[in-house]
Engineer: 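To start, I am sharing the structure in question, which I have written as structure tokens.
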Amino acid sequence: QKEVEQDPGPLSVPEGAIVSLNCTYSNSAFQYFMWYRQYSRKGPELLMYTYSSGNKEDGRFTAQVDKSSKYISLFIRDSQPSDSATYLCAMRGTGFQKLVFGTGTRLLVSP
Amino acid sequence: SAVISQKPSRDICQRGTSLTIQCQVDSQVTMMFWYRQQPGQSLTLIATANQGSEATYESGFVIDKFPISRPNLTFSTLTVSNMSPEDSSIYLCSVHDRASYEQYFGPGTRLTVT
């Protein structure tokens, strides 16, 4: 079993839809949770960063962490074609430990 | 956030040759990382490079194949040695911001080995 599981998609939605992207994990030591967006032929771009459980909102993006269920989510409201990209979840423990990545979910938002 | 640049952005190389990838950061950072992203795959950490010490390699990666230099706090190189087609991948440099605990990535180097 992988430490971090993420559905590879693709996930296809119409413009304006609410998108839900999710990851599950098995290591209860993970404390820091990140979402990266990666456009084709580009490096990953840090979108959201949360520590421990709870929600964090930034514009159209909301990151949610449920440590009791070992489940994290990224919600995108009013999705746009420019949101079409691969979304990678990543997480790590305390101190500095290496990031563990999900495989990424490819999102396609059609106009 | 740190701004990271990589050279070259892409290259096509012949089997058996070596390629050195450069990573430059616009601020001083303690920890720099090198990742590999194979087609359709997620990111795999190759090694962690701290200035002034030997790089630490992850399981499955060795110094002879992927030698790393870290001469100062803003620069690092990764060499892919004796390349084979299996080394075709995107190689990414990354840095860890100690103040914010956030980790940032460069644009990547797309390597094709023929």
Engineer: Please look at B:Gln6 and chain A and tell me whether the side chain, the backbone, both or neither of the residue comes under 4.5 angstrom of a heavy atom of that chain.
Structural biologist: neither

Engineer: Do A:Leu47 and A:Tyr25 belong together in a cluster built from hydrophobic side chains that touch within less than 4.5 Å?
Structural biologist: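 A:Leu47 and A:Tyr25: one cluster.
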
Engineer: Heavy-atom count check: over 12 atoms from other residues, nucleotides or ligands less than 6.0 Å from B:Glu54 CD?
Structural biologist: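 Incorrect, the count does not exceed 12.
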
Engineer: Identify which part of A:Tyr36 has an atom lying under 4.5 Å from any heavy atom of chain B, answering side chain, backbone, both or neither.
Structural biologist: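 Only the side chain of A:Tyr36 comes within 4.5 Å of chain B.
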
Engineer: Decide yes or no for B:Glu102 and A:Met34: does some side-chain heavy atom of the first lie under 4.5 Å from some side-chain heavy atom of the second?
Structural biologist: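 Side-chain contact under 4.5 Å: no.
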
Engineer: Which atoms of A:Phe101 come close to chain B, meaning under 4.5 Å heavy atom to heavy atom: side chain ones, backbone ones, both, or neither?
Structural biologist: both

Engineer: Chain B heavy atoms under 4.5 Å from A:Arg106: which part of the residue, side chain, backbone, both or neither?
Structural biologist: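 Answer is neither: A:Arg106 stays 4.5 Å or more from chain B.
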
Engineer: Which of the residues B:Leu43, B:Leu92, B:Leu45 is involved in the greatest number of heavy-atom pairs with chain A at under 4.5 angstrom?
Structural biologist: B:Leu43

Engineer: Can you tell me how far the CG atom of A:Leu88 sits from the CZ atom of B:Phe105, to the nearest 0.5 Å?
Structural biologist: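 Result: 8.5 Å between the selected atoms.
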
Engineer: Would you find more than 12 non-hydrogen atoms of other residues, nucleotides or ligands less than 6.0 Å from B:Ile12 atom CD1?
Structural biologist: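 Not more than 12 within 6.0 Å, no.
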
Engineer: Using a 6.0 Å cut-off, check whether atom NZ of A:Lys67 has over 12 heavy atoms from anything other than its own residue.
Structural biologist: yes

Engineer: Are B:Ile46 and B:Tyr35 connected in the hydrophobic side-chain network, where two residues link if heavy atoms are under 4.5 Å apart?
Structural biologist: no

Engineer: Is chain B contacted by the side chain of A:Gln38, its backbone, both, or neither, given a heavy-atom distance below 4.5 Å?
Structural biologist: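 Side chain of A:Gln38 only, per the 4.5 Å heavy-atom cut-off to chain B.
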
Engineer: Can you confirm whether more than 12 heavy atoms, excluding those of A:Arg77, are under 6.0 Å from its CZ atom?
Structural biologist: yes

Engineer: Let me confirm one number: the NZ-OG1 distance from A:Lys98 to B:Thr44, rounded to the nearest 0.5 Å.
Structural biologist: 9.0 Å

Engineer: Linking I/L/V/M/F/W/Y whenever any side-chain heavy atoms sit under 4.5 Å apart, do B:Tyr57 and B:Met32 land together?
Structural biologist: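 B:Tyr57 and B:Met32: separate clusters.
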
